[in-house]
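One structure below.
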Amino acid sequence: AQRVTQPEKLLSVFKGAPVELKCNYSYSGSPELFWYVQYSRQRLQLLLRHISRESIKGFTADLNKGETSFHLKKPFAQEEDSAMYYCALSGSGAGSYQLTFGKGTKLSVIP
Amino acid sequence: KAGVTQTPRYLIKTRGQQVTLSCSPISGHRSVSWYQQTPGQGLQFLFEYFSETQRNKGNFPGRFSGRQFSNSRSEMNVSTLELGDSALYLCASSLAAGNTIYFGEGSWLTVV
């Protein structure tokens, strides 16, 4: 069974401090990992996916297959980063495309 | 381009009733999936459709069903509503498997 674990429900950091949102997964196979973000009163939107290896809004995430982790990092937090962050894993069986989400971490950036 | 559109946005139903939620995917997207979001369980996959065929189903009782039309629009239905069905129901669409999934704003269902 596939599972995504985000150990922190809430993470508070000061503006300018580094941010690391943790994500661990369980999946038998080659996973595809994502980070989704939900800003206040906005829809869930893709922040980044591991295969693209992009840096979006200063965030990066590296897939560590040995530790089965996909932690989200940003060197200097901004107030506008305050949001709910969800780590997700794709379960691509028989050509379908579904996401298994973690419970989410609420990031609060303190001015 | 227009995003994923869900209707209605808010609704209140009584236990035992049924409800139908509608989703219009982004133009050209053929894959539509549904998720239930609750404070306790978080985001849970309900089912996914591609070209009118259900390709995958999550671990939900048979009261939860869905369908997709030839224009890729999708509906989900919940029969014999229970209090625990109160949730935000999210629809998402993508061009195909492996492409970015885009979410709608959701339909807030309250069962009383």
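Note that the coordinates shown come from a computational prediction; the quantities given were computed from them, not determined experimentally. Every chain is numbered from 1 and lettered A, B, ... according to where its sequence line falls, protein lines coming before strand lines.
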Exercise for the section: Flag yes if B/Val78 and B/Leu11 sit in one hydrophobic cluster, no otherwise; membership is Ile, Leu, Val, Met, Phe, Trp, Tyr, and two members link when side-chain heavy atoms are under 4.5 Å apart. Expected result: yes
Practice task
Please flag which part of A/Leu44 lies under 4.5 Å from any non-hydrogen atom of chain B: side chain, backbone, both or neither.
Solution key: both
Problem - Interchain contact, B/Tyr35 with chain A, by part (heavy-atom threshold 4.5 Å) - result: side chain
Practice task
Indicate, with yes or no, if B/Leu90 and B/Tyr49 share a hydrophobic cluster defined by side-chain heavy-atom contacts under 4.5 Å among Ile, Leu, Val, Met, Phe, Trp and Tyr.
Solution key: no
Problem - Cluster link B/Trp34 to B/Trp108, ILVMFWY, side chain under 4.5 Å - result: no
Problem - More than 12 heavy atoms of other groups within 6.0 Å of B/Lys57 NZ - result: yes
Practice task
Would you check if the side chain of A/Arg43 reaches a backbone N or O of B/Val4 as a donor-acceptor pair within less than 3.5 Å?
Solution key: yes
Problem - A/Leu99 versus B/Phe45, closest heavy-atom pair with distance - result: O-CB, 4.0 Å
Practice task
Count the heavy atoms belonging to other residues, nucleotides or ligands that lie under 6.0 Å from CG of B/Asn71, then report whether that count exceeds 12.
Solution key: yes
Exercise for the section: Calculate, to the nearest 0.5 Å, the distance between atoms CD and NZ belonging to B/Gln41 and A/Lys103 respectively. Expected result: 5.5 Å
Exercise for the section: Evaluate whether atom CD of A/Gln42 has more than 12 neighbouring non-hydrogen atoms of other residues, nucleotides or ligands under 6.0 angstrom away. Expected result: yes
Handout entry: Engaged part of B/Gln37 at the chain A interface, taking heavy atoms whose separation is under 4.5 Å
Key = side chain
Handout entry: B/Arg15 atom CZ, over 12 foreign heavy atoms within 6.0 Å
Key = no
Problem - Same cluster (ILVMFWY, side-chain, under 4.5 Å), A/Leu107 and A/Phe70 - result: yes
List the atom pairs, with distances to 0.1 Å, where a side-chain N or O of residues 79-88 of chain B and a protein N or O form a donor-acceptor pair under 3.5 Å, not counting sequence neighbours.
{"unit_1": "B/Asp85", "atom_1": "OD1", "unit_2": "B/Arg63", "atom_2": "NH2", "d": "3.1"}
{"unit_1": "B/Asp85", "atom_1": "OD2", "unit_2": "B/Arg63", "atom_2": "NH1", "d": "2.8"}
{"unit_1": "B/Asp85", "atom_1": "OD2", "unit_2": "B/Arg63", "atom_2": "NH2", "d": "3.3"}
{"unit_1": "B/Asp85", "atom_1": "OD2", "unit_2": "B/Glu82", "atom_2": "N", "d": "2.8"}
{"unit_1": "B/Ser86", "atom_1": "OG", "unit_2": "B/Leu83", "atom_2": "O", "d": "3.1"}
{"unit_1": "B/Ser86", "atom_1": "OG", "unit_2": "B/Val111", "atom_2": "N", "d": "2.8"}

Problem - Residues of residues 31-39 of chain A near chain B, each having a heavy atom less than 4.5 Å away - result: A/Tyr36, A/Gln38
